[in-house]
Amino acid sequence: MKFIIRRMTVEDVPVVAQLDRMSFSLSWPEHTFYYEVKDNTAARCFVAETEDKQIVGMVVSWVILDELHIATLAVHPDYRRQGIGRRILTEALQDGVQAGTRYALLEVRAGNEAAQNLYREFGFKTVGLRSKYYKDNGEDAVLMNLDDLESI
Ligand SMILES: CC(C)(COP(=O)(O)OP(=O)(O)OC[C@H]1O[C@@H](n2cnc3c(N)ncnc32)[C@H](O)[C@@H]1OP(=O)(O)O)[C@@H](O)C(=O)NCCC(=O)NCCS
């Protein structure tokens with residue numbers, strides 16, 4: 001399946017928010033995505049789009065001094081395991097290098113093996129645990145760090 005990665009626009013937000021709701025038990029309210037795209041100068045937002053213009057993936061990262069924080073990342077359930085997550089994360093990390101960040105950090109649910117496998121593939125390492133971080137089920141967050149962003 002062919003798809004491209006491009007910057008998220010305000011017009012994308014309703015579909016992106018829908019994709020977020022399909023992907024997370026604690027989803028972001030739609031207005032949060034509007035804020036990220038329009039107002040948050042630290043945010044870098046991308047979507048994956050198919051040839052027939054369907055948005056099938058999204059990522060939001062924040063540039064915080066040296067750090068690129070991966071704030072959210074999701075692929076539409078019907079389009080998973082086709083390399084979209086890998087591609088959109090690559091874009092976010094390379095964009096982070098362009099923006100001058102030197103390492104990447106993220107939180108992921110302790111039980112989210114799919115995402116942790118993806119992150120490990122990029123060289124992310126577990127560096128900590130945030131106990132009972134997720135409010136819906138009290139699940140821990142694993143903190144993962146990628147030291148050498150420029151290696152991507
Ligand atoms: C995590 C997620 C973004 C992965 O997207 P994807 O497009 O399916 O990922 P890719 O096809 O690029 O997979 C790349 C690698 O990640 C790992 N991976 C992805 N899904 C996996 C799964 N269900 N089980 C185990 N490993 C998995 C594999 O190593 C995979 O490589 P392979 O297919 O060659 O074995 C997707 O499952 C998703 O949106 N999940 C719900 C939201 C979420 O958890 N986001 C992360 C929040 S921190």
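We're numbering straight along the sequence, starting at 1. Atoms considered below: every heavy atom in the structure, side chains included; atoms not considered: hydrogens, waters and symmetry mates. When a ligand or atom number is given, it counts from 1 through the structure's own listing order.
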Report task. Of all the heavy-atom pairs spanning Phe122 and Leu146, show the shortest one and how long it is. Result -> O-CD1, 3.2 Å
Closest protein heavy atom (residue, atom, distance) for [atom]:
{"atom": "atom 39 (O) of ligand 1", "answer": "Val75 N, 2.8 Å"}
{"atom": "atom 15 (C) of ligand 1", "answer": "Glu121 OE1, 3.5 Å"}
{"atom": "atom 4 (C) of ligand 1", "answer": "Leu118 CD2, 4.1 Å"}
{"atom": "atom 38 (C) of ligand 1", "answer": "Arg80 NE, 3.4 Å"}
{"atom": "atom 47 (C) of ligand 1", "answer": "Phe24 CE2, 3.7 Å"}
{"atom": "atom 23 (N) of ligand 1", "answer": "Ala114 CB, 3.5 Å"}
{"atom": "atom 35 (O) of ligand 1", "answer": "Arg81 NH2, 2.9 Å"}

Check: [X]/[Y] side-chain N/O donor and acceptor closer than 3.5 Å:
{"X": "Thr101", "Y": "Arg44", "result": "no"}
{"X": "Asp136", "Y": "Ser25", "result": "yes"}
{"X": "Asp12", "Y": "Thr9", "result": "yes"}
{"X": "Tyr133", "Y": "Glu139", "result": "no"}

May I ask you to check whether [X] has an N/O atom sitting below 3.5 Å from an N/O atom of ligand 1?
{"X": "Gly85", "result": "yes"}
{"X": "Gly83", "result": "yes"}
{"X": "Tyr119", "result": "no"}
{"X": "Glu107", "result": "no"}
{"X": "Leu73", "result": "yes"}

Atom indices of ligand 1, in the order listed, that fall short of 4.0 Å to a heavy atom of [X]:
{"X": "Ala74", "answer": "39 (O)"}
{"X": "Asn117", "answer": "17 (C), 25 (C), 26 (N), 29 (O)"}
{"X": "Gln82", "answer": "11 (O)"}
{"X": "Val108", "answer": "48 (S)"}

Query raised in the report: Is it the case that one hydrophobic cluster holds both Val108 and Leu93, taking links as side-chain heavy atoms less than 4.5 Å apart, direct or via other members?
Result: yes
Query raised in the report: Hey, any chance Val60 and Val37 share a hydrophobic cluster, counting ILVMFWY side chains that come within less than 4.5 Å of each other, even indirectly?
Result: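 Val60 and Val37: one cluster.
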Query raised in the report: With respect to atom 13 (O) of ligand 1, which of Arg86, Met58, Met22, Glu113 exhibits the smallest heavy-atom separation?
Result: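 That would be Arg86.
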Requested in this report: Quick one: sort the Trp62 and His69 rings into parallel, tilted or perpendicular, breaks at 30° and 60°.
Outcome: parallel
Query raised in the report: Can the ring centres of His76 and Tyr79 be said to be less than 6.0 Å apart?
Result: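 Ring centroids of His76 and Tyr79 are less than 6.0 Å from each other.
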Query raised in the report: At a non-hydrogen distance cut-off of under 4.0 Å, which region of Asn112 contacts ligand 1 (side chain, backbone, both, or neither)?
Result: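 Under 4.0 Å from ligand 1, Asn112 contributes side-chain atoms alone.
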Query raised in the report: Do you see a protein non-hydrogen atom under 4.0 Å from atom 43 (C) of ligand 1?
Result: yes
Query raised in the report: Is the shortest distance from a Lys or Arg side-chain nitrogen in Asp52 or Lys2 to a carboxylate oxygen in the other one below 4.0 Å?
Result: no
Query raised in the report: Under a 4.0 Å N-O cut-off, is there an ion pair linking Glu91 with Arg86?
Result: no
Requested in this report: Please name the residue in the list Ile84, Ile88, Val15 that meets the side chain to side chain contact (heavy atoms under 4.5 Å, CB included) test with Val56.
Outcome: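 Only match with Val56 under side chain to side chain contact (heavy atoms under 4.5 Å, CB included): Ile84.
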